[in-house]
Student: 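I am attaching a structure below and will ask some questions about it afterwards.
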Amino acid sequence: MFDSLSAKFSSAFSSLRGKGRIKAGDLDEITSEIRSALLDSDVAVSVVDSFISQIKERALPQLDELNKSTNPSQAIFNIVNEELVGILGGTARRIRYAKKAPTVILLTGLQGAGKTSLAGKLAKYLKDQGNTPILVACDLARPNAVTQLQLVGDSISVPVFAPEPGNGVGDPVRVAKDGVKFAAEKLHNIVIVDTAGRLGIDAQLMAQAKQIRDAINPDEVLYVVDAMVGQDAVRSAQAFGEGVGFDAVVLTKLDGDARGGAALSITQITNKPIMFAATGEKVTDFDLFYPDRMASRILGLGDIQTLAEATKNAFDGDTAAKLESKFASGEDFTLDDFLAQLEAMKKMGSMTKLLGMLPGANSGAMKKQLEQFDDTELIRTQAIVQSMTPLERRDPKVLNGSRRARIAKGSGRAVSDVNSLVERFTGAQKMMKQMRSGKGGMPAGMPPGMPQFPQTSGANSNKGNAPKAKKSRSGNPAKRAAESS
Amino acid sequence: MAIFGKLFANLRGGKVSSADWEDVLQSLIESDLGAANSQSIIEIAKRERGESSEIAVKAALHSWLSEKPRAIAKSEGRTTTVLVVGVNGTGKTTSCAKLAGLLKRNGESVLLAAADTFRAAAVEQLQTWGTRLELPVISGAANGDPASVAFDAITKASGASTSYLLVDTAGRLHTKSDLMDELGKIRRVIEKVSPVDEVLLVVDATTGQNGIAQAKLFTSSVNVTGLILTKMDGSAKGGIALAIECETGIPVKFVGTGEALEDLSAFDADTYLSGLFDS
């Protein structure tokens, strides 16, 4: 029950992989496994059934052809992947801006989907791109929803249009109308209208949502959905589609362990793309939704693209170039360089989240280690290095007992922690030298001496990166297939 | 027991085709009971089929209900403390207010603690409810330590011999271990003064299979004793609650059915089970 969808997919495919020839019966077997995996991920029954028949329709006629290829199971896998991406909406879609400002964005959804938090995240995202958004507080039903939006607006320095106190007082249609007018007068180029949560079957409130829409004629109506939603996703999405109509979907709470089957159901049934995804409680935990990346996450291929982008953003050109030239000229890798790397890694955000994007991250062993990975380890390591003098950072060999005791005291760590860091660093330095002399070992670009998983840190750190290498080999079968192709 | 509707018209007769079973299976899956669970309900029903298939299915569903008591805990002679927990957006604050109203109508004295110091304006939200209910609300500073709010509240409630203390906590995803630890701390701090009698997990009826993970992980951090199933007035059937009861033995104690203060009622098995098949 706890296994994620991707774990189930990979187990389904691992049974197929052993076979040199795939028969029609094998295809039935794997599609029935995929069917139950998708149902357990809350994909709607009708969507699952059409997905399965589509895969069969594509794979069966070309089974003979597929069997001639070197890796027939991989070919089937590719078909499944393509179909998933197809359902999820093909390519990422961006906000459509109005020809004449302001662009009006209306948020709708069930109670508790996360509209108000999302309004803040969306405003921050658009503001960071150079826009001048304004928030309009039209949720006048839930107690203090207006106050919440005002606080959210304050925290990101985005103005909030809130003429009514809410708590049941005021007319949301008028507020929406006045809000858009106000925004146009004050030359805000984007208006984000937050509305009250409502049920799809509540005819009266759906009519009100429609009135709001008609009053402000939005450029984008976004339907906000909780990623944890079950089979009701379809019913509610249809009700909102018919009631107010929406142009795109935003998925929230994707940072949990929800399998996100609702994403598949909603896009398939309503034919509307998912535009954004919210992935955490911080106001910056928000990004465009990439269907292909979501599909590979579902299939256990990891999300290498997002990881690569995060890395690229964090390691500014300077740091990377400096490190590269240092490496080439044969200079020693120092603790100062190490510190710069730690800084960059911190900029990338939570390590747990980043490592979760690696291929196979959802398989049993790796998942357990990820759960135990402690993000604060990075800060502790940084504190130790920062407690060293410039000389010590350049040449750790001078670190005698009394220096180590001082560093430990300065960073609030035990002497053994200092020892293990120095040991790990020396190991990494040695490895850099070996790599330079062509003996290789570590993938380029990966920071050496990176804080390791709890099991491998500390006393046995001499083993260096050996456990990591093993991990990637024993990783997800789905990924192995990808590698061997 | 309520009639299950036209879906069962065929099952009531003598001959039941496999297509009829397929229909029942599909409605169970669509209620969020889970694919494997729904399959086993059908299998149990087919095996036990006595008088009629309809009765057999109802009996199978009934047998999965938890046998634990469904009334809210009450301890004599001291404050009964109820902790309200759950993931974001399930309706914890609203449920807290409704429960307080229910207890007040039953003649109990109630104190509310706004220990959701994280979400913007959550404290104000509970305070607004408190004013409407004419009940006192204890709160702390925004972004303060929720455990300290809980501690102040239990100290005050015990001192004033208040019969119920309801502690509203911040929504948190069950996968965030630091936030789950924070919840454990709130419980431990309260228990320095007086035991926690009831931990109610608020589950949204629209929740899919993820609800099981929620119940398990919240239980391992604060030992959940009951569920509040919210938003049952929508189109969702809340089948996940039965899956949780079966898997963990935690009973649903209350059901939320609307936005008004009175829209919270005790769990009724027959209404709930027949609701799984309404379309």
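Just so we're on the same page: letters track the sequence lines, and every chain starts at 1. Reckoned from all heavy atoms, side chains included, excluding hydrogens, waters and symmetry mates.
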Student: Is L179(B) close to chain A through its backbone or its side chain, or both, or neither, when contacts mean heavy atoms under 4.5 Å?
Tutor: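 Side chain only.
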Student: To the nearest 0.5 Å, tell me how far Q231(A) CD sits from S27(B) OG.
Tutor: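 Q231(A) CD to S27(B) OG: 11.0 Å, rounded to 0.5 Å.
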Student: Under a 4.5 Å heavy-atom cutoff, which of D42(A), L151(A), L199(A), D226(A) has the most pairs with chain B?
Tutor: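 Looking at each of D42(A), L151(A), L199(A), D226(A) in turn, D42(A) comes out on top.
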Student: Nearest 0.5 angstrom please: N210(B) CG to D40(A) CG, how far?
Tutor: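 It is 12.0 Å, given to the nearest 0.5 Å.
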Student: Between Q127(B) and N144(A), does any side-chain donor sit less than 3.5 Å from a side-chain acceptor?
Tutor: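 Looking only at side-chain atoms, N144(A) and Q127(B) do not form any donor-acceptor pair under 3.5 Å.
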Student: Using a 4.5 Å cut-off on heavy atoms from C-beta on, say whether the side chain of V229(A) contacts that of T207(B).
Tutor: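 Counting from C-beta outward, T207(B) and V229(A) never come under 4.5 Å.
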Student: Which residues from residues 118-126 of chain B are near chain A, with near meaning under 4.5 Å between non-hydrogen atoms?
Tutor: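 From residues 118-126 of chain B, the residues near chain A are F118(B), R119(B), A120(B), A121(B), E124(B), Q125(B).
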Student: With the side chain counted from C-beta on, respond yes when K253(A) and V87(B) share a heavy-atom pair under 4.5 Å apart, and no when they do not.
Tutor: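 Counting from C-beta outward, K253(A) and V87(B) never come under 4.5 Å.
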Student: For D178(B), is it the side chain, the backbone, both or neither that has a heavy atom under 4.5 Å from a heavy atom of chain A?
Tutor: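 For D178(B), no heavy atom lies under 4.5 Å from chain A.
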Student: With a 4.5 angstrom heavy-atom cut-off, is it the side chain or the backbone of E259(B) that approaches chain A, or both, or neither?
Tutor: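 Looking at E259(B), just its side chain touches chain A.
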Student: Which answer fits Q214(B), side chain, backbone, both or neither, if we ask what part of it has an atom under 4.5 Å from a heavy atom of chain A?
Tutor: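 When you check distances to chain A, only side chain atoms of Q214(B) fall under 4.5 Å.
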Student: Contact part of L149(A) toward chain B, heavy-atom cut-off under 4.5 Å: side chain, backbone, both or neither?
Tutor: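 Neither; nothing under 4.5 Å.
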Student: Could you check whether D232(A) and T206(B), counting side-chain N and O atoms only, form a donor-acceptor pair closer than 3.5 Å?
Tutor: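 Not at all, the side chains of T206(B) and D232(A) share no donor-acceptor pair under 3.5 Å.
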